[in-house]
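So the structure is just underneath, and the comments pick up after that.
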2 protein chains.
Amino acid sequence: MGRGKIEIKRIENVNNRVVTFSKRRNGLVKKAKEITVLCDAKVALIVFASNGKMTDYCCPSMDLGAMLDQYQKLSGKKLWDAKHENLSNEIDKIKKENDSLQLELRHLKGEDIQSLNLKNLVAVEHAVEHGLDKVRDHQAQQNLQE
Amino acid sequence: MGRGKIEIKRIENVNNRVVTFSKRRNGLVKKAKEITVLCDAKVALIVFASNGKMTDYCCPSMDLGAMLDQYQKLSGKKLWDAKHENLSNEIDKIKKENDSLQLELRHLKGEDIQSLNLKNLVAVEHAVEHGLDKVRDHQAQQNLQE
DNA sequence: TGTACTATATATAATCT
DNA sequence: TAGATTATATATAGTAC
């Protein structure tokens, strides 16, 4: 695209390489913006120069985080790997624990017991009776103290 | 760059828009690959068509995860750090819920009640009595049915 | 969808400040 | 380094298949 044709391979001359990088990076970002506007596309672009300097572009209609979420869904690749997954798993685990606690609690309050069979029902009854005894004992003690 | 000059604004004709998208997306990826090779650059590119279909490119020398780590460092913007934080917060919230459920449960079983004052104790007693009544009712019904 | 065909519009390589 | 110039290489709009 210039005065001479170039092969697509690493430009050995450092100065040319840096100048070409700068021009082409600008060109790339421009094209990214154009396709975004022309075609209603969502584009995210991150470029690192060989010296580490970064340039990025993200379409205005979706932020990078959302783009990456979508990327993970569609590609099946995991970006925030193990850590994220571990946390999600922990949440699931605690939620289940939570659910079973809630159910047990309802049973002790005499709710949702229609699903219990007789044996379980008896167990619940004993638990409640036992609890009641303890509560009454303690209450009696407190009354004495006052 | 073609038979006619076009303004950079949304192409209204759907067919043209889709065709242009397809061509320009290919062009964009090509440019991304070229700058990668020519200039030793690292490039990551994600494109979503308006229909949701995704195309992506990442330079061979660094994977997307590493690019994004670097992006976070250099830009100071948080991508998944924020998500981690959200998940951690959720875990904390559910754990607290869990703890209070556990405590309530122990109270109904007559445990850990030394920390309760008389008023609370009475409330617990009523809850347990009420539960016991319900459990007994239900048990009686089940006995009749057999 | 993709691919092929061109006439044009753009991008950019080489060069110089 | 960052612009300006300009000849040339590429990309692509419009079109048809």
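Scanning for side-chain hydrogen bond (donor to acceptor under 3.5 Å, both in side chains) contacts around D56(B) gives an empty result, with sequence neighbours left out. Judged as a salt bridge (charged side-chain N to carboxylate O under 4.0 Å, His left out), and not counting sequence neighbours, the contacts of K78(A) are E85(A). Applying the side-chain hydrogen bond (donor to acceptor under 3.5 Å, both in side chains) rule to N51(A) yields no partners; only residues at least two apart in sequence or on another chain are considered. Legend: residues meeting salt bridge (charged side-chain N to carboxylate O under 4.0 Å, His left out) with K42(B), ordered by chain and number and at least two apart, are absent. N89(B) pairs by the side-chain hydrogen bond (donor to acceptor under 3.5 Å, both in side chains) definition with nothing, not counting sequence neighbours. By the side-chain hydrogen bond (donor to acceptor under 3.5 Å, both in side chains) test, D69(A) pairs with K83(B), sequence neighbours left out.
Residue pairs that meet the side-chain hydrogen bond (donor to acceptor under 3.5 Å, both in side chains) test with at least one member in residues 31-40 of chain A, sequence neighbours left out, are E34(A)-R24(B), T36(A)-Y57(A), D40(A)-R10(B). Within the structure, salt bridge (Lys or Arg N to Asp or Glu O under 4.0 Å) contacts touching residues 110-123 of chain A (residues at least two apart or in different chains) are R106(A)-D112(A). Residue pairs that meet the salt bridge (Lys or Arg N to Asp or Glu O under 4.0 Å) test with at least one member in residues 125-134 of chain B, sequence neighbours left out, are R136(A)-E125(B), R136(A)-E129(B).
Pairing each heavy atom of A32(B) with each of L45(B), the nearest pair is CB-CD2, 4.3 Å.
Within the structure, every side-chain polar atom (N or O) of S22(B) is placed at least 4.0 Å from both OP1 and OP2 of dT1(C).
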5' to 3', nucleotides 4-12 of chain D under a 4.0 Å protein heavy-atom cut-off (B base, S sugar-phosphate only, - none) gives --BBBBSBB

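Between the CD atom of E7(A) and the C1' atom of dA13(C) there is a distance of 15 Å, given to the nearest Å. Summarising the geometry, the separation between CG on N15(A) and P on dA14(C) is reported as 12 Å, rounded to the nearest angstrom. Following rounding to the nearest Å, L38(B) (CG) and dA14(C) (P) show an atom-to-atom distance of 10 Å.
Applying a 4.0 Å cut-off to non-hydrogen atoms, none of the residues of residues 39-61 of chain A approaches DNA chain C.
Stem regions annotated for DNA chain D: C:2-16 with D:3-17, counting only runs of 3 or more consecutive pairs of Watson-Crick or G-U type with both contacts under 3.5 Å.
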